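Step one of this worksheet: look at the structure below.
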Amino acid sequence: MSAVAVLLSLLAGLSGSVQAAVMGRFGQRIGTFEALAFASALQAALTAILLVAVRGSAGGYAEATRQPAWMWLGGVMGAFIVLTVTVATPRIGTAATIGLLIAGQLGMGVAIDRFGLFGFEQIGISWPRALGVGLLAIGAALSLHR
């Protein structure tokens with residue numbers, strides 16, 4: 001199962017770069033907030049169809065409303081990420097946007113692992129992990145130079 005997780009993560013990374021480029025162009029054509037709203041509505045429709053196809057019902061929505069509100073942050077953060085790539089990509093480029101996005105994700109990921117945030121198992125910061133984060137931060141900063 002971990003091979004599937006690695007493959008999906010790689011594909012999501014590739015998709016994220018395409019998403020940044022497409023959303024940046026879409027936002028320039030119709031407006032940032034219009035592009036964000038349309039993309040979010042399309043995503044909601046597609047995932048609702050997928051939910052019904054896989055689970056046979058949309059009952060999971062009701063279950064989601066009974067969870068702690070902090071768990072809804074995934075949707076809020078998703079909207080913020082899409083808004084950010086829509087604004088940033090035309091201004092600083094796809095590589096810089098994605099580099100900074102990944103650097104931020106990796107930094108926060110290390111903090112979540114280190115402190116066991118959101119109920120996850122604590123995972124220490126080894127020297128290879130710290131070096132990787134540092135190198136990615138340097139790469140993200142360098143990607144801002146044209």
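Every value quoted in this text rests on a predicted model; they were computed, and no experiment measured them.
- A continuous path of hydrophobic side-chain contacts links Val82 to Leu46 [ILVMFWY only; heavy atoms under 4.5 Å].
- Counting non-hydrogen atoms of other residues, nucleotides and ligands closer than 6.0 Å to CD of Gln43 gives a total of 12 or fewer.
- Put simply, the side chain of Val22 does not reach to within 4.5 Å of the side chain of Thr89, judged on heavy atoms.
- Follow the hydrophobic side-chain contacts under 4.5 Å out from Ile125 and you reach Leu106 in the same cluster.
- Atom CE of Met23 is separated from atom CD1 of Ile81 by 12.5 Å, given to the nearest 0.5 angstrom.
- Taken from CG in Leu51 to OG in Ser57, the straight-line distance is 6.5 Å, to the nearest 0.5 Å.
- Distance check, rounded to the nearest 0.5 Å: CZ of Arg25 to CD1 of Ile30 gives 13.5 Å.
- Expressed to the nearest 0.5 Å, how far CG of Leu100 lies from CD of Gln105 amounts to 11.0 Å.
- Scanning all heavy atoms of the two residues, the minimum distance from Ser17 to Thr94 falls at O-CG2, 3.7 Å.
- Identified under the ring pair (Phe, Tyr, Trp, His ring centres under 6.0 Å) test for residues 17-37, with sequence neighbours left out: Phe26-Phe38.
- With rounding to the nearest 0.5 Å, the separation of CD1 in Ile92 from OG1 in Thr97 is 3.5 Å.
- Scored by the side-chain contact (heavy atoms from CB on, under 4.5 Å) test, Pro128 finds Ser126 as partners (sequence neighbours excluded).
- The hydrophobic cluster containing Phe120 also contains Phe115, counting ILVMFWY residues as joined when their side-chain heavy atoms lie under 4.5 angstrom apart, directly or transitively.
- Of all heavy-atom pairs spanning Tyr61 and Ala44, the tightest one is OH-O, 4.3 Å.
- Taking CD from Gln122 and CG from Leu117, the interatomic distance works out to 8.5 Å, rounded to the nearest 0.5 Å.
- Between the side chain of Trp70 and the main chain of Phe118, no donor-acceptor pair closer than 3.5 Å is present.
- Shortest non-hydrogen contact noted between Ser143 and Ala95 is OG-O, 4.0 Å.
- Proximity of a side-chain donor or acceptor of Arg91 to a complementary backbone N or O of Val87 within less than 3.5 Å is detected.
- Ser40 places no side-chain N or O within donor-acceptor distance of the main-chain N or O of Ala37, the cut-off being under 3.5 Å.
- Grouping the Ile, Leu, Val, Met, Phe, Trp and Tyr side chains by contacts below 4.5 angstrom, directly or via other members, places Trp127 apart from Leu136.
- Annotation: side chain of Arg129 is in contact with side chain of Ile123 (closest heavy-atom distance under 4.5 Å).
- A heavy-atom distance below 4.5 Å is found between the side chains of Phe80 and Thr84.
- In the hydrophobic clustering of ILVMFWY residues, with side-chain heavy atoms under 4.5 Å counting as a link, Val110 and Met77 come out apart.
- Between the side chain of Gln67 and the main chain of Glu63, a donor-acceptor pair closer than 3.5 Å is present.
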